[in-house]
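Notes follow once the structure below has been shown.
Just so we're clear, the structure is a prediction, and the values are computed from it rather than from any experiment. Both backbone and side-chain heavy atoms feed into the values below; hydrogens, waters and symmetry mates do not.
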Amino acid sequence: MLNKLRVLLTGGCGYIGSHTAVELMRAGSEVVIADNLVNSSASVLPRIEELGGKRVSFYNIDVCDPEALDALFEREHIDAVIHFAGLKCVPESVSKALLYYRNNLDSTMNLLERMNAHGVRYIVFSSSATVYGESNVPPLREDMPTGACTNPYGMTKHMSEIIIRDAARAEGKLGAVLLRYFNPIGADESGRIGEDPQGIPNNLLPYVAQFATGRREKLFVNGNDYPTPDGTCIRDYIHVMDLAIAHVKALDYIVGRTGCEVFNIGTGNGYSVLEVIAAFSKACGKDLKYEFAPRRAGDIPVMYADSSKAERLLGWKAERDINKMCEDTWRWQSNNPMGYEK
């Protein structure tokens, strides 16, 4: 069904967007990317084309700009949208709450309005497990309460879910899938594309990888007094290629349908920060020494998924384990120690 489908990826030059673009092209779709490059690089585009075997139409625009988005829709004849665009740093969202609410909610509402105006009926939304807050007991299921988020980033995802769900209900023509990611890591096994955060990484694995290449002088672990076996946070880490495939499956599922459906996308296994560092030490062949630092604002002690619904309805299940995630991350980082720019 995805063959020749023309899909717009907002934020498609980013980490998850770039890997999803490759998987969509491998599935036969045509890809259009809209990205303002605030947290990404246009240098990824030729690599996406290399791996996907097709040309990409690229627009350097802000999805919050309705006129720019109108011009894109008028020119490209889009069939479906995968909405990645948004600010995503949890600690930064705590200190810059209004920036996160303005950017992430405006981009979602503007996109939905322009989709409606141009007759585009299908959307897959990049949501997050942060919508569950910390009151639910893992494994987290889609029918658990959401909205008691511990940070503004999570709240923007929760509120965007509500907006999309209400739009689908109001219009009666929109088909939407909300994908609640857990913790994406890894890279395409080619080593040609991967995670390239701007500035100092806020997520664990890119920081560990940069430390392993010598790009970072010290490796800090934020918090060692959480109520977990080794005192560090436990997360459900998922390989970015498994996550990319989940987007392809979600798009295939929703085309031809209306209404809104939600899926957890995780492995169902939780790993502590120290366990991830140990796995990465094995992957890179180095004993990575770390230091403990204070907790980060907004972090939850334990979070992992029940993804059985995605397996049942989408036919999707994570295939790659923590060792593969670390091996592929190391291949990317060791081949590209300064990311895309050098």
Side-chain angles (χ1 to χ4, degrees), residues 14-16 38-39 86-101 103-104 126-138 140 146-159 180-186 195-212 215-238 240 243 266-267 269-281 288-305 322 325-326 329 333:
Y15 174 43
I16 302 169
V38 168
N39 287 312
L87 300 175
K88 63 174 185 175
C89 175
V90 168
E92 184 182 58
S93 79
V94 176
S95 61
K96 299 180 179 180
L98 290 179
L99 173 66
Y100 271 67
Y101 284 115
N103 182 86
N104 292 3
S126 167
S127 192
S128 167
T130 56
V131 302
Y132 289 110
E134 59 184 348
S135 60
N136 295 306
V137 177
L140 301 175
T146 59
C149 306
T150 61
N151 54 76
Y153 165 74
M155 282 302 299
T156 66
K157 292 298 185 182
H158 171 66
M159 294 167 75
R180 293 174 181 163
Y181 309 164
F182 280 68
N183 289 72
I185 58 176
E195 189 167 10
D196 184 25
Q198 307 296 303
I200 299 174
N202 287 288
N203 294 329
L204 174 63
L205 208 61
Y207 197 102
V208 174
Q210 290 185 9
F211 174 73
R215 188 171 166 183
R216 302 294 165 191
E217 293 184 0
K218 293 185 177 182
L219 175 58
F220 294 104
V221 174
N222 295 106
N224 64 341
D225 58 349
Y226 287 97
T228 62
D230 65 16
T232 65
C233 288
I234 292 175
R235 293 291 182 269
D236 187 338
Y237 294 94
I238 178 170
V240 68
L243 179 55
T267 66
N269 299 311
Y271 295 95
S272 73
V273 173
L274 298 187
E275 287 174 327
V276 173
I277 293 174
F280 200 85
S281 295
L288 302 178
K289 303 295 184 182
Y290 55 85
E291 300 177 24
F292 289 112
R295 293 184 179 191
R296 298 191 313 176
D299 274 346
I300 294 170
V302 180
M303 183 176 287
Y304 58 94
I322 191 67
M325 299 177 208
C326 291
T329 299
Q333 197 69 70

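Judged by distance alone, with hydrogens and angles left aside, the side-chain atoms of Thr156 form no donor-acceptor pair with the main-chain N or O of Asn104 at under 3.5 Å. Lys289 places no side-chain N or O within donor-acceptor distance of the main-chain N or O of Lys218, the cut-off being under 3.5 Å. Not one N or O on the side chain of Asn224 forms a donor-acceptor pair closer than 3.5 Å with the backbone of Thr232. Remark: side-chain polar atoms of Arg180 are not paired, donor with acceptor, to backbone N or O of Ala305 under 3.5 angstrom. Between the side chain of Arg296 and the backbone N or O of Val90 there is no donor-acceptor pair closer than 3.5 Å.
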Take Leu219 and Val208 through the side-chain contact (heavy atoms from CB on, under 4.5 Å) test and state the conclusion after the steps.
CA-CA 7 Å; Leu219 175 58; Val208 174; 3.8 Å; yes

Chi angles and distances behind the side-chain contact (heavy atoms from CB on, under 4.5 Å) call for His158, Ser128:
CA-CA 8 Å; His158 171 66; Ser128 167; over 6 Å; no

For Ile322 and Glu275, what are the C-alpha separation, side-chain angles and deciding distance, and is it a side-chain contact (heavy atoms from CB on, under 4.5 Å)?
CA-CA 9 Å; Ile322 191 67; Glu275 287 174 327; over 6 Å; no

Decide side-chain contact (heavy atoms from CB on, under 4.5 Å) for Ser272 and Asp230; before the verdict, give the C-alpha distance in whole Å, the side-chain angles of both, and the deciding distance to 0.1 Å.
CA-CA 8 Å; Ser272 73; Asp230 65 16; 2.6 Å; yes

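With sequence neighbours excluded, no residue forms a salt bridge (Lys or Arg N to Asp or Glu O under 4.0 Å) with Arg216. Not counting sequence neighbours, the partners of Tyr181 by the ring pair (Phe, Tyr, Trp, His ring centres under 6.0 Å) test are His247. For Glu217, there are no salt bridge (Lys or Arg N to Asp or Glu O under 4.0 Å) partners two or more places apart in sequence or in a different chain. By the salt bridge (Lys or Arg N to Asp or Glu O under 4.0 Å) test, Arg235 is found to be paired with no residue, residues two or more places apart in sequence or in another chain being considered.
The two residues Asp236 and Phe182 make their nearest non-hydrogen contact at O-CB, 3.3 Å. The two residues Met303 and Ala129 have their closest heavy-atom pair at SD-CB, 3.5 Å. Closest approach of Pro138 and Asn136 over heavy atoms only: CD-O, 3.6 Å. When all heavy atoms are compared, the tightest approach of Asn151 to Gly154 is OD1-N, 2.7 Å. Across Asp299 and Cys233, no two heavy atoms sit closer than the pair CB-SG, 4.4 Å. Closest approach of Asn202 to Pro91, counting heavy atoms only: OD1-CG, 4.5 Å.
More than 12 heavy atoms of other shown residues, nucleotides or ligands fall within 6.0 angstrom of atom OH in Tyr101.
Contacts classified as side chain to side chain donor-acceptor pair (under 3.5 Å) and involving residues 90-100 (residues at least two apart or in different chains) are given here: Glu92-Tyr100. Residues in residues 197-209 take part in no salt bridge (charged side-chain N to carboxylate O under 4.0 Å, His left out) pair, two or more places apart or across chains.
Looking at Thr130 and Thr150, their side chains never come closer than 4.5 Å, going by heavy atoms from C-beta outward. Leu288 has its side chain within reach of Ser281: a pair of non-hydrogen atoms, C-beta onward, lies under 4.5 Å apart. Counting heavy atoms from C-beta outward, Asp225 and Arg295 have side chains that approach closer than 4.5 Å. For the pair Ile200/Tyr207, a side-chain contact is recorded, criterion being any heavy-atom separation below 4.5 Å from C-beta on. Considering only heavy atoms from C-beta on, Pro152 stays 4.5 Å or farther from Leu99 through its side chain.
For the atom pair Lys88 NZ and Tyr15 OH, the distance stands at 8.5 Å (nearest 0.5 Å). Summarising the geometry, atom OH belonging to Tyr271 is positioned 11.5 Å from atom CD1 belonging to Ile234; distances are rounded to the nearest 0.5 Å. The OG1 atom of Thr146 sits 12.0 Å away from atom CE of Met159, with the distance rounded to the nearest 0.5 Å.
Partner of Ile185 under the side-chain contact (heavy atoms from CB on, under 4.5 Å) criterion, out of Leu243, Leu205, Val240, Leu204: Leu205 alone.
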